[in-house]
A.B. asks: 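Dropping the structure in here first, questions after.
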Amino acid sequence: MQRRFFSLLLAATVVAAASVLLLSGCAGHPRSPFASADSESVSSADKHSITVFAMDTVMELTVYGSDDVLSKAEDLISSLEKNLSVTDESSEIYAVNQNGGGRVGDDTRDLIAQSLTLCERTGGALDISVYPVVRAWGFTTGEYRVPSGDEITELLTFVDYNAVTISADNTVSLKRGMKIDLGSVAKGYTGDRLAELLTENGVASATLNLGGNVHALGAKPDGSPWKIAITNPLGAGTAGAIQVTDKAVVTSGGYERFFEENGTTYRHIIDPATGYPVDNDLASVSVIGDTGLVCDALSTSLFVMGLDHAIDFWKGSSDFDAVFITTAGQIYITEGLEETFVPLGDYKEADVTVIRHD
């Protein structure tokens, strides 16, 4: 049996790409689907940055103005990770999973409640209770394996977001055998909380690069929009760039983390309906919207849906735009990005299909 294993990018690679190669992706596999903020033409006199490794990714926070808030931001990240981690034995989520429920803090309660709403909205394409299946594949432990069909069938009996309940006193309850994981929404939520913290402390311009999640607070100090790059999911470099002001941009793709066994590639995004890694016509999905939590949740769930279903979902929504890159190298963008998206690199001469509301 031949098996090849792949892990996340080395931290140093991501940091260099995010801070120096302003509109470039990283070569090699797997690659973080980060969209990096372009700070060209911005004076560095009042620019302050910190780099934090948390939630299994490198986070780079850059603010313009006073740097006093950065230590508070780092503390907030640490606090959220401590509560939301599915593997940290001292976290609230770990305790809930071990005990079948328990009381949690306000942040954990709020994130679970909002996540369940998004699970319902996406028809289960997002399901925070899929953790037992994801763990069986080894995507949370690094011990990659292909579970048997019988094992997957058994584990799917524990996948049902409707069986997760929250009471008025912040008590979370799970059906026997269930376990939840907020990894598909935690970085988006963290970006939102960080943006709130920065705003409360007088910061009007900042970029928060949380791995595949970018939160652009306000505009650049000169008033112009940020340029956010989207990694080419099928090769090196970038596929395009979007101009945004006060928006979150979150990208999900099957190239982020995967392993190969006997010539078959298994990617880390699991379809909650089948228990198997997603294998459809999408190579990556980028979602652009006002809140990182919604963008984080939808980038994953739209990837699970596949192109046609994802387009139909967007047509029934009004709170986000999206960029879809297919496994055939095609780019589809929603109409709100028609004036702000520019194809780059291998896609510079590619036709870009604009999706419009009927």
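Atoms considered below: every heavy atom in the structure, side chains included; atoms not considered: hydrogens, waters and symmetry mates.
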A.B. asks: Taking all non-hydrogen atoms of both residues into account, name the closest pair between A219 and S205 and its distance.
C.D. replies: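 Residues A219 and S205, closest heavy atoms: O-OG, 2.6 Å.
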A.B. asks: Pick one: which of Y266, Y144, F258 meets ring pair (Phe, Tyr, Trp, His ring centres under 6.0 Å) with W137?
C.D. replies: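 Exactly one pass, corresponding to Y266.
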A.B. asks: Roughly how far apart are T327 OG1 and I325 CD1, rounded to 0.5 Å?
C.D. replies: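 So the gap between those two atoms works out to 11.5 Å.
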A.B. asks: Got a second to check how far I288's CD1 is from D321's CG, nearest 0.5 Å?
C.D. replies: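 If I round to the nearest 0.5 Å, the distance is 6.5 Å.
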A.B. asks: Keeping T117 on the side-chain end and A113 on the backbone end, is there a donor-acceptor pair under 3.5 Å?
C.D. replies: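 Yes, T117 side chain to A113 backbone: donor-acceptor pair under 3.5 Å.
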A.B. asks: Taking only residues at least two apart or on different chains, which pairs with a member in residues 231-247 satisfy salt bridge (Lys or Arg N to Asp or Glu O under 4.0 Å)?
C.D. replies: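 The answer is K247-D290.
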A.B. asks: Quick one: do R257 and D56 make a salt bridge, cutoff under 4.0 Å?
C.D. replies: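 Salt bridge present between R257 and D56.
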A.B. asks: Does the K175 side chain pair with the main chain of A163, one donor and one acceptor, at a distance under 3.5 Å?
C.D. replies: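 The answer is no, because no donor-acceptor pair under 3.5 Å joins these two groups.
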A.B. asks: Under 3.5 Å, side chain of S79 to main-chain N/O of D75, donor-acceptor pair present?
C.D. replies: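 Flag not set: sc S79 to bb D75 has no pair under 3.5 Å.
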A.B. asks: Check whether any side-chain heavy atom of Y189 sits under 4.5 Å from a side-chain heavy atom of D107, and report yes or no.
C.D. replies: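 A side-chain contact under 4.5 Å exists here.
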A.B. asks: Strictly by modelled atom types, are S317 and R121 linked by a side-chain donor-acceptor pair under 3.5 Å?
C.D. replies: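 Yes, because at least one side-chain N or O of S317 sits under 3.5 Å from a partner of the opposite role on R121.
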A.B. asks: So, do Y131 and V159 sit near enough that their side-chain heavy atoms are less than 4.5 Å apart?
C.D. replies: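 Counting from C-beta outward, Y131 and V159 never come under 4.5 Å.
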A.B. asks: Checking side chain to side chain contact (heavy atoms under 4.5 Å, CB included) for the pair S184/L126: CA distance, chi angles, key distance, verdict?
C.D. replies: CA-CA 8 Å; S184 58; L126 175 76; 3.3 Å; yes
A.B. asks: Could you go through D351 and T353, starting from their C-alpha distance and side-chain angles, then the distance that decides it, and tell me whether this counts as side chain to side chain contact (heavy atoms under 4.5 Å, CB included)?
C.D. replies: CA-CA 6 Å; D351 291 331; T353 300; 5.7 Å; no
A.B. asks: Identify the two heavy atoms, one from P272 and one from V130, that lie closest to each other, and give their separation to 0.1 Å.
C.D. replies: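 Taking P272 first and V130 second, the nearest heavy atoms are CA-CG2, 4.0 Å.
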A.B. asks: When you look at C295 and N213, which way does the side chain to side chain contact (heavy atoms under 4.5 Å, CB included) test go after all the steps?
C.D. replies: CA-CA 9 Å; C295 292; N213 299 47; over 6 Å; no
A.B. asks: Spell out, as yes or no, whether a donor-acceptor pair under 3.5 Å connects the side chain of T199 to the backbone of A195.
C.D. replies: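 Yes, the answer is positive, given that a donor and an acceptor are paired below the 3.5 Å cut-off.
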A.B. asks: Are R145 and E151 ion-paired here, with the side-chain N under 4.0 Å from a carboxylate O?
C.D. replies: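 Salt bridge between R145 and E151, a charged N being under 4.0 Å from a carboxylate O: yes.
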A.B. asks: If only side-chain N and O atoms count, and only distance matters, is there a donor-acceptor pair under 3.5 Å linking S301 with T122?
C.D. replies: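 No donor-acceptor contact under 3.5 Å links the two side chains.
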A.B. asks: Flag the pair V86 / L182 as yes when at least one side-chain heavy-atom distance between them is below 4.5 Å, and no otherwise.
C.D. replies: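 They are not in contact (no side-chain heavy atoms under 4.5 Å apart), so the answer is no.
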A.B. asks: Between S85 and S91, is the side-chain hydrogen bond (donor to acceptor under 3.5 Å, both in side chains) condition met? List the steps.
C.D. replies: CA-CA 6 Å; S85 172; S91 79; 4.9 Å; no
A.B. asks: Identify whether M55 and Y94 are in the same connected component of the hydrophobic contact network (ILVMFWY, side-chain heavy atoms under 4.5 Å).
C.D. replies: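 In one cluster: no.
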A.B. asks: So M59 and L208, do their side chains get closer than 4.5 Å, heavy atoms only?
C.D. replies: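 Counting from C-beta outward, L208 and M59 never come under 4.5 Å.
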A.B. asks: If you draw a 6.0 Å radius around CD in E154, do more than 12 non-hydrogen atoms from other residues or ligands fall strictly inside?
C.D. replies: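 Count not over threshold, so no.
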A.B. asks: Are any side-chain N or O atoms of S78 and backbone N or O atoms of E74, one a donor and one an acceptor, separated by less than 3.5 Å?
C.D. replies: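 Answer holds: yes.
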A.B. asks: So, D127 versus S129: side-chain donor-acceptor pair below 3.5 Å or not?
C.D. replies: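 A pair is found: one side chain offers a donor N or O, the other an acceptor, under 3.5 Å apart.
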A.B. asks: Counting only N and O atoms by type, is there a donor-acceptor contact under 3.5 Å from the side chain of D296 to the main-chain atoms of G292?
C.D. replies: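 The answer is no, because no donor-acceptor pair under 3.5 Å joins these two groups.
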A.B. asks: One pair to check against salt bridge (Lys or Arg N to Asp or Glu O under 4.0 Å): R135 and E143. What are the steps and the verdict?
C.D. replies: CA-CA 9 Å; R135 191 176 190 281; E143 299 175 358; over 6 Å; no
A.B. asks: Whether the R103 and N170 side chains hold a donor-acceptor pair (N or O, under 3.5 Å, no angle test) is what I'd like checked.
C.D. replies: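 No, N170 and R103 have no side-chain donor paired with an acceptor closer than 3.5 Å.
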A.B. asks: On a heavy-atom basis, which atom in I270 and which in V304 lie closest, and how many Å separate them?
C.D. replies: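 Heavy atoms of I270 and V304 come nearest at O-CG2, 4.1 Å.
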A.B. asks: Would a 4.5 Å heavy-atom cut-off, applied to side chains only, mark L298 and W314 as touching?
C.D. replies: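 Contact flag for L298/W314 side chains = no.
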A.B. asks: In Å, rounded to the nearest 0.5 Å, how long is the span from CG of L293 to OG1 of T190?
C.D. replies: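 So the CG of L293 and the OG1 of T190 are separated by 10.0 Å.
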A.B. asks: So, are K315 and D312 salt-bridged, with charged N and O less than 4.0 Å apart?
C.D. replies: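 So K315 does not pair with D312 through a salt bridge.
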A.B. asks: Could you go step by step and tell me if F320 and L302 meet the side chain to side chain contact (heavy atoms under 4.5 Å, CB included) rule?
C.D. replies: CA-CA 12 Å; F320 71 95; L302 294 179; 3.8 Å; yes
A.B. asks: Assess the side chains of E92 and T108: does a donor N or O sit below 3.5 Å from an acceptor N or O?
C.D. replies: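 Per modelled atom types, E92 and T108 side chains form a pair under 3.5 Å.
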A.B. asks: Does either side chain, that of T62 or that of S49, offer a donor lying less than 3.5 Å from an acceptor on the other one?
C.D. replies: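 Side-chain D/A pair, T62 to S49: present.
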A.B. asks: Taking all non-hydrogen atoms of both residues into account, name the closest pair between P225 and K220 and its distance.
C.D. replies: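 Taking P225 first and K220 second, the nearest heavy atoms are O-CE, 3.3 Å.
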A.B. asks: Please report the interatomic distance CD1(I128) to CD(Q114), rounded to the nearest 0.5 Å.
C.D. replies: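 One gets 11.5 Å once the value is rounded to the nearest 0.5 Å.
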A.B. asks: When rounded to the nearest 0.5 angstrom, what is the spacing between OG1 in T274 and CG in L156?
C.D. replies: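 It comes to 7.5 Å.
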A.B. asks: Any chance you could measure N209, atom CG, to E60, atom CD, to the nearest 0.5 Å?
C.D. replies: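 Answer rounded to 0.5 Å: 6.5 Å.
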A.B. asks: So do V323 and V285 actually touch side chain to side chain, heavy atoms under 4.5 Å?
C.D. replies: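 Result no, sub-4.5 Å side-chain heavy-atom pair not found.
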A.B. asks: Please determine, by modelled atom types, if E120 and Y161 share a side-chain donor-acceptor pair under 3.5 angstrom.
C.D. replies: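 The criterion, which ignores hydrogens and geometry beyond distance, is satisfied for Y161 and E120.
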A.B. asks: Could you tell me if Y347 and N232 have a donor-acceptor pair between their side chains, going purely by distance under 3.5 Å?
C.D. replies: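 Y347 and N232 do have a side-chain donor-acceptor pair below 3.5 Å.
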A.B. asks: Any heavy-atom pair between the side chains of V278 and F303 that's under 4.5 Å?
C.D. replies: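 F303 vs V278: side chains touch.
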A.B. asks: Hey, is the main chain of H48 close enough, under 3.5 Å, to the side chain of D67 for a donor-acceptor pair?
C.D. replies: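 Judged by distance alone, no pair lies under 3.5 Å.
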A.B. asks: Do S167 and D169 have a side chain donor and acceptor closer than 3.5 Å?
C.D. replies: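 D169 and S167 do have a side-chain donor-acceptor pair below 3.5 Å.
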A.B. asks: Which atoms form the tightest heavy-atom contact between V104 and V172, and what is the distance?
C.D. replies: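 Reported closest heavy-atom pair: CG2-CG2, 3.9 Å.
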A.B. asks: Can you find a heavy atom in the side chain of L307 that is under 4.5 Å from one in the side chain of Y332?
C.D. replies: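 SC-SC contact between L307 and Y332 confirmed.
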A.B. asks: Answer yes if the side chains of K82 and S90 hold a donor-acceptor pair under 3.5 Å, and no otherwise.
C.D. replies: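 Side chains of K82 and S90: pair found under 3.5 Å.
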